[in-house]
Each structure stands twice: as structure tokens, then as C-alpha cells.
Amino acid sequence: QVQLLESGGGLVQAGDSLRLSCAASGRTFSIYAMGWFRQAPGREREFVAGFSWRGSSTYYADSVKGRFTISRDNTKNTVYLQMNSLKPDDTAVYYCAADKAVVFSTTPYEYDYWGQGTQVTVSS
């Protein structure tokens with residue numbers, strides 16, 4: 001099993017920045033990819049950003065490209081999501097997820113482990 005613990009959410013104003021953290025523990029060697037997803041009220045969970053541990057490529061949703069940056073600290077088994085120039089449309093619960101599959105995916109149901117989520121609220 002893999003445990004994921006997110007932190008860093010909060011209430012900010014439009015244009016502000018936040019950094020989310022996701023600490024992974026347990027059988028982390030079984031993880032192929034990590035991703036950040038978000039879900040706003042009444043909407044489906046959507047992919048935000050992600051990468052595979054075995055490569056250098058990162059992936060972003062079009063809606064966050066140029067504003068959000070995903071990064072990792074291998075020594076701490078921690079993944080970060082730096083969010084800049086936040087907009088009210090970014091308001092959602094943000095989830096960290098881990099995938100054991102060998103092909104990177106942006107589809108939520110293909111991820112095997114999920115954190116509890118952290119709320120991000122951006123006021124206008």
C-alpha cells in the first residue's frame with residue numbers, strides 16, 4: 001500500500017500563489033507516476049499535472065500551463081504543485097494520486113492511490 005498526504009491548501013485572492021505538497025509513504029517503489037487532480041463542486045475530477053518517476057517529462061492540463069509547476073524531491077518522496085496567478089476557476093479540492101501502471105495516464109480512474117484532498121479557494 002501507498003499512503004499520500006496532501007497539505008498547503010487555503011483561501012487566497014486572485015493572482016496569488018500557493019504551493020501544495022504531497023508526501024508519499026509505504027511501498028513507494030511500486031509507483032510509476034504521480035499526478036495532481038482537482039474537483040470543483042458539481043464537476044468531474046480532472047487532471048491538473050503529473051509526471052512519471054522514471055522519466056523527466058511533465059504533463060499539464062491546458063488550463064494551468066504556464067501557471068502551475070509540478071516538481072518532486074526524491075529524497076523526501078514528496079511531490080509539489082506550485083500554483084501561480086491563481087484564478088477563481090482554480091477553486092477546487094486538489095488531490096494527489098499515484099499510479100502503478102507503466103504508461104502515464106491523465107485519467108483519474110487509472111490511478112491506484114489517492115490522498116484525502118486539500119481545499120483551494122480563490123476569491124475574486
Side-chain angles (χ1 to χ4, degrees):
Q1 290 293 320
V2 173
Q3 294 78 42
L4 303 173
L5 182 63
E6 303 104 331
S7 61
L11 171 63
V12 297
Q13 293 185 332
D16 286 350
S17 299
L18 274 177
R19 189 177 79 157
L20 306 183
S21 300
C22 173
S25 60
R27 299 171 63 89
T28 56
F29 60 85
S30 67
I31 298 173
Y32 172 80
M34 297 287 294
W36 284 98
F37 293 80
R38 67 187 181 185
Q39 188 165 19
R43 301 183 65 175
E44 294 185 352
R45 192 168 296 188
E46 63 176 2
F47 172 78
V48 175
F51 64 87
S52 65
W53 283 110
R54 302 174 192 178
S56 60
S57 297
T58 54
Y59 307 88
Y60 296 94
D62 288 343
S63 58
V64 306
K65 280 181 181 176
R67 300 188 298 123
F68 291 11
T69 303
I70 189 170
S71 62
R72 57 187 163 178
D73 184 334
N74 293 341
T75 64
K76 298 181 180 179
N77 283 337
T78 299
V79 177
Y80 304 98
L81 184 67
Q82 178 66 43
M83 306 185 294
N84 299 329
S85 302
L86 282 162
K87 305 175 182 180
D89 283 350
D90 295 318
T91 295
V93 177
Y94 283 71
Y95 298 91
C96 176
D99 187 2
K100 297 187 296 183
V102 296
V103 177
F104 184 81
S105 173
T106 61
T107 305
Y109 69 76
E110 296 198 15
Y111 280 71
D112 302 287
Y113 305 103
W114 291 86
Q116 83 289 351
T118 185
Q119 177 70 47
V120 172
T121 303
V122 184
S123 64
S124 58

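Sequence positions, counted from 1, serve as the residue numbers for this chain.
The hydrophobic clustering, which links ILVMFWY residues whose side-chain heavy atoms are closer than 4.5 Å, places I70 and V93 apart. Under the 4.5 Å side-chain contact rule for hydrophobic residues, F68 and F37 do not share a cluster.
Rounding to the nearest 0.5 Å places OH of Y32 at 13.5 Å from CG of D112. Taking CG of N77 as the start and OG1 of T28 as the end, the distance is 4.0 Å to the nearest 0.5 Å. Atom CD of E46 is separated from atom CZ of R38 by 4.5 Å, given to the nearest 0.5 angstrom. The OG atom of S63 sits 9.0 Å away from atom CG of D89, with the distance rounded to the nearest 0.5 Å.
For S25, the side chain to side chain contact (heavy atoms under 4.5 Å, CB included) test picks out Q3, with sequence neighbours left out. Listed by chain and residue number, nothing satisfies the salt bridge (charged side-chain N to carboxylate O under 4.0 Å, His left out) test with D99 (two or more places apart in sequence, or in another chain). In terms of the salt bridge (charged side-chain N to carboxylate O under 4.0 Å, His left out) criterion, E110 has no residue partners (sequence neighbours excluded). T69 pairs by the side chain to side chain contact (heavy atoms under 4.5 Å, CB included) definition with Y60, Q82, not counting sequence neighbours. Under the rule for a side chain to side chain contact (heavy atoms under 4.5 Å, CB included), the partners of A40 that lie at least two apart in sequence or sit in another chain are R43, A92. In terms of the side chain to side chain contact (heavy atoms under 4.5 Å, CB included) criterion, residue partners of A98 (sequence neighbours excluded) are, by chain and number, L4, I31, M34, Y113. K76 pairs by the salt bridge (charged side-chain N to carboxylate O under 4.0 Å, His left out) definition with nothing, not counting sequence neighbours. The ring-ring contact (aromatic ring centres under 6.0 Å, His included) check on F51 picks up W53, with sequence neighbours excluded.
Within the structure, no pair that satisfies the salt bridge (charged side-chain N to carboxylate O under 4.0 Å, His left out) test touches residues 7-32, not counting sequence neighbours. For residues 113-124, there are no salt bridge (charged side-chain N to carboxylate O under 4.0 Å, His left out) pairs, not counting sequence neighbours. Applying the disulfide (SG to SG under 2.5 Å) test to residues at least two apart or on different chains, the pairs with a partner in residues 7-68 are C22-C96. Within the structure, ring pair (Phe, Tyr, Trp, His ring centres under 6.0 Å) pairs that include any residue of residues 71-101 do not occur (at least two apart or interchain).
The nearest pair of heavy atoms linking L81 to A49 is CD1-CB, 4.0 Å. Closest approach of A33 to F104, counting heavy atoms only: CB-CD1, 3.7 Å. In terms of heavy atoms, F47 sits closest to A61 at O-CB, 3.4 Å. The two atoms that bring S85 and S17 nearest to each other are N-OG, 4.3 Å, heavy atoms only. Nearest heavy atom pair, residue Y111 against residue A97, reads CD2-CB, 3.5 Å.
With hydrogens and angles ignored, the 3.5 Å screen pairs no side-chain donor or acceptor of Q116 with any backbone N or O of L5. In terms of modelled atom types and a separation under 3.5 Å, the side chain of T91 and the main chain of V122 share a donor-acceptor contact.
Side-chain contact between R45 and W114: present, with at least one pair of heavy atoms (C-beta onward) separated by less than 4.5 Å. Looking at heavy atoms from C-beta onward, L20 lies out of side-chain contact with E6 at the 4.5 angstrom threshold.
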Do K87 and D90 pass the salt bridge (Lys or Arg N to Asp or Glu O under 4.0 Å) test, and can you show the C-alpha distance, the side-chain angles, and the key distance before you say yes or no? CA-CA 5 Å; K87 305 175 182 180; D90 295 318; over 6 Å; no
